[in-house]
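Throughout, a chain's letter reflects where its sequence line sits, starting with A, and its residues are numbered from 1.
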Amino acid sequence: MLLNESQQRAVAHDGKHALVLAGAGTGKTATLIARAVELLRRGVRPDQIILVTFTRRATRELRERLTVEVGEVAERLRVGTFHRICLDLMRLEPDAFDLRSYTIIDEDDREQLMRLARGRVLPNDDGDRGSTLPKASQLVTWLSYARNANIPVQQYLESQKIFDEQQLANVLAVYGTYEERKTSAKYLDFDDILRRCATILISQRAVRERIVGRILHVLVDEIQDTSTLQWQLLHALRQKATLFCVGDDAQSIYAFRGADFKTVHSFAERVKGADIYYLTQNYRSTQEVLDVSNWLLAESPLKYNKELQAIRGHGSKPLLVECDDDLAQGLWVAGDMDRRHAAGAPWQSMVVLVRTAFSARTVETACIERGIPYVFVGGTSLLKASHVRDVLALLRVALNLNDEVAWMRYLTLWKGVGDRTAERWVQQVGACESLQQAAEFLYRAKPDPKGPAMPLLHLLAHTTSTADQVAAAVQALDPLLATKYQYEQWEQRKKDLELLIRIANRFGTLATFVEEFVLDPLHATQVSPQDDAVTVSTVHAAKGTEADVVYLARADVGQYPHSHARDEDEIEEERRVLYVALTRARDELILMRSPEHIASWGAQYCFLDTLRAGLVTVVESGSRRREAWQILSSLDGVVPDIDDMD
DNA sequence: TTACGTCCACTTTTT
DNA sequence: GTGGACGTAA
C-alpha cells in the first residue's frame, strides 16, 4: 500500500489520540487500514484493536481490504459497526450487562411494539383524544432520536413545541408503556444495545476496567457521523484506549440519527491533547469531477474550507443529461451502461446512485429490461419480506416465550384467531416454563391437529442443526403460508424460504442465527448469481465507496434537497448528501435530470439548478418519451401501445 | 371477535 | 404495490 507524506505522518502517529481530517477521496480508509497494520507491526495484539465503521457494508469492505493487507490476522481484529462492537463487548461479560436472555428487535418490531403500547394508553378512542396521538412510526423516530442525541425524550419533545400539555402526557405515557413491555418481552432495540453498553461501562468501574482494559486502540471511520450516544462509548473506551479517528465534516449525512458534524470541529476540546492531521490531496477523481463538488460546497452558507485538488489531473467534464421523465432517465442510464459494457468496461465499474430506495425502481426496471445484471444496496431486505417474518416469528417464540410481537404475528396467522384472542393467549404462553408447555396450552385452547400448537411441537422434534430447525419451521408453516400467499407469488416466496434455510446452515445455534439475521439481514438482491454486476445504491449506503463511472439518477427538485428537509440544517445536510454522491466518481460523473419535475411540497429548487454551464456538458437526451418506449419494447420484439405507459 | 372490503397515505437516509 | 385505518357483516 503506497501512502503519501501526510498519510504516512498520520499513520506513524505516536502520541495519544488523533483525528485525521480528510476530504473525499483523499485516502481516508487507506490511512485507517495502514494505521491498523502499523499497530500490528508495533506488536499490538489483533484482539486489542477495535475498528468501528458506520454501515455493515463498510464493515465488509474494511475487512476485505484488511485481509488483503495482513491475511488471516484480519479475522482476529474486532471490526464492526458500533452496534456489533457493543454486543461483542457485552458478550464478554453477559451477566454484568444482564444479557442472558434477550431478543434483538429491528425497526419494524419496534414500531409494532409501539403500536401495541399506543393502543393500550388510549384503548377506547373517544373521538379526538386518540386521533391526536401520533403514529407509531413517528413515536419511534422521536424516541430514537432523543436517545441517540442523549436528550431526555420529554425535554426533546418540549423543545419541538408540537404538543399541548395533555398530548405530551399521552405521548410520554405511551413511551412508558413501550419501555415496560420491552422489558417484559426481554427485547433489546438498536438503541438499547448502545445505551446499555455505554451505561454499564460508565457507571460500573470494575466492569469498565475489565472490558476496556482489553482494548488498546480504537480506530473510528466516519467520525463526523458519530452520535452523542456513540461519543459516550468512545469516551468510556478512551480512558484506557487510544482513539484514531478519520472523518470529513463535509460528508456528514446522519444528523437524523443523532450525529452532529460540528463535533469534528471541537474534537481537540472534546479529546484533550489530540493531534490533528489533514489529508487534502484527492487521488480518486479527475479535476472536472472535483470542480463540480467544490462548487457545490462553495455555494453553501457554511464554511467547509474544502477545495479538493486532483492529483490525477484532468479528464472529461461531467455530463448533465436532461430527460423527459424518470423512465427515460432509467432507460438512458441502462442504454449508456450497455454501450460501455459492449466497449469492454466491466459492469462493476459502474454505479447508479439514488437518493431514496424508492427512486431506484425505474433504474431497476430499465436494467431488467436490458438484461443488465445489477445488485441493489439498501432497500427492502429479505428480513422485511412478510413471509420471512412469518417464519422468523415461529423461530423467535421458540427462543423467547415472552416475545410478544412474534407471538402476535404467529398466532394471528391462523384462521379464527384475531388480535383479541392472540393477546389473551400471549399472556398465557408467556407464563409457561417451556415451549412444550406453551404448545400444550395452545392445543387445549384450540384442539386442532392443524392448529398453532403443531409447528411448535414439530420444531421441538427437530434439533439436529440450525438449518434443520429452520427447515422444520418452514415445513410446518408451508400449508398455511401457501394459502396466505397463494395470489402473491408464492413460488418466488418459497424460494426465499429455501434461501433462509441455506443461510441458517452457517450458524451454530438458532439463537445466533436469529440474532445475526436481525443485525445484518441479507438483502434479497445481494444474492446475485453473477459476479460482475452494476451496483445500484442509495447515496447513504454508497458512502466510502467509489466507481469509475457514477450515474446520479434523479438529480431533481424534491431529491436534492429532499422534500422532507424542513429547516436550514436539514437543507445543508442534503447538500452534503449530494456532495457525497458527486465525490464517488473516479473518471466520469453523469447527472440525470428531468427539468419539469416539481415538488408538491418542500424546497422548490435543486442545488444543481444554478450549476454553471462551464462545469458540465449539457446533453439533451435523445430518448424522448416515445422513443424511450420504443427502445424498451424492441428488446422483446413487442411494441405495445404508447397509452399503456402509465 | 373476526374477516373482509375499501379508501388512504405512503415511500429519506441506517443500525 | 403495500400496509394501515376504518366500517360493516357474519
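- Candidate nucleotides B:dT13, B:dT15, C:dG3 were compared by shortest atom distance to the side chain of A:Thr356, and B:dT13 ranks first.
- Listed pair A:Arg56 / B:dT15 meets the phosphate criterion, a side-chain N or O lying under 4.0 Å from OP1 or OP2.
- Distance CZ (A:Arg389) to P (C:dT2): 15 Å, rounded to an integer number of Å.
- Ring pair A:His540/A:Phe256 is perpendicular by interplanar angle, where above 60° counts as perpendicular and below 30° as parallel.
- Both geometric conditions, a ring-centre gap below 5.5 Å and a plane tilt below 30°, are fulfilled for A:Phe256 over the base of B:dT13.
- The A:Lys415 side chain lies nearest to B:dA3 when the options are B:dA3, B:dT15, C:dG3.
- Between B:dA3, C:dG3, B:dT14, one nucleotide has an atom nearer to the side chain of A:Tyr254 than all others, and that is B:dT14.
- In terms of heavy-atom proximity, A:Val518 sits nearest to A:Ile105 at CG1-C, 4.1 Å.
- A heavy atom closer than 4.0 Å to some atom of DNA chain B occurs in A:Gly418, A:Asp419, A:Arg420, A:Thr421, these being the qualifying members of residues 418-429 of chain A.
- We find that A:Lys182 and A:Asp109 are not joined by a salt bridge, their nearest charged nitrogen and carboxylate oxygen being 4.0 Å or further apart.
- Contact check, A:Thr538 against B:dT14: a side-chain N or O comes under 4.0 Å of OP1 or OP2.
- Ranked by how close their nearest DNA chain B nucleotide is to the 5' end, A:Glu107 and A:Arg355 are led by A:Arg355.
- Classified by interplanar angle (parallel below 30°, tilted 30° to 60°, perpendicular above 60°), the ring pair A:Tyr410/A:Trp414 is perpendicular.
- Judged as a salt bridge (Lys or Arg N to Asp or Glu O under 4.0 Å), and not counting sequence neighbours, the contacts of A:Arg110 are A:Glu107, A:Asp189, A:Asp191.
- A:Phe82 comes within 4.0 angstrom of no nucleic acid atom, judged by non-hydrogen atoms across all strands.
- Taking atom CG of residue A:Leu87 and atom C1' of nucleotide B:dT15, one finds them 11 Å apart after rounding to whole Å.
- In this structure, the nucleotide among C:dG3, B:dT14, C:dA5 sitting nearest to the side chain of A:Arg115 is C:dA5.
- B:dA3 atom C1' lies 17 Å from atom CG of A:Leu411, rounded to whole Å.
- Classification of the A:Tyr145-A:Tyr156 ring pair by plane angle, with boundaries at 30° and 60°, yields tilted.
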For DNA chain C, what string of dots and brackets results from 5' to 3' when Watson-Crick and G-U pairs need both distances under 3.5 Å, crossing pairs get [ ], and pairs with another strand get |? .|||||||||

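- In this entry the distance linking CZ of A:Phe54 with C1' of B:dT13 reads 13 Å, nearest Å.
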Can A:Ile590 and A:Val333 be said to form a side-chain contact (heavy atoms from CB on, under 4.5 Å), step by step? CA-CA 9 Å; A:Ile590 299 155; A:Val333 169; over 6 Å; no

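- For A:Phe441 and A:Tyr443, the distance between ring centers is not under 6.0 angstrom.
- Atom pair A:His83:NE2 and B:dT15:P shows a separation of 9 Å (rounding to whole Å applied).
- In this structure, CG on A:Leu243 lies 9.0 Å from CG on A:Leu219, to the nearest 0.5 angstrom.
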Run the side-chain contact (heavy atoms from CB on, under 4.5 Å) check on A:Tyr102 and A:Glu515 step by step: do they pass? CA-CA 10 Å; A:Tyr102 62 95; A:Glu515 181 177 316; 3.0 Å; yes

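- Between A:Asp189 atom CG and B:dT14 atom P there is a gap of 18 Å when expressed in whole angstrom units.
- The side chain of A:Ala357 has B:dT13 as its nearest neighbour among B:dT13, B:dC10, B:dT15.
- The side chain of A:Thr55 has B:dT14 as its nearest neighbour among B:dT14, B:dT13, B:dC10.
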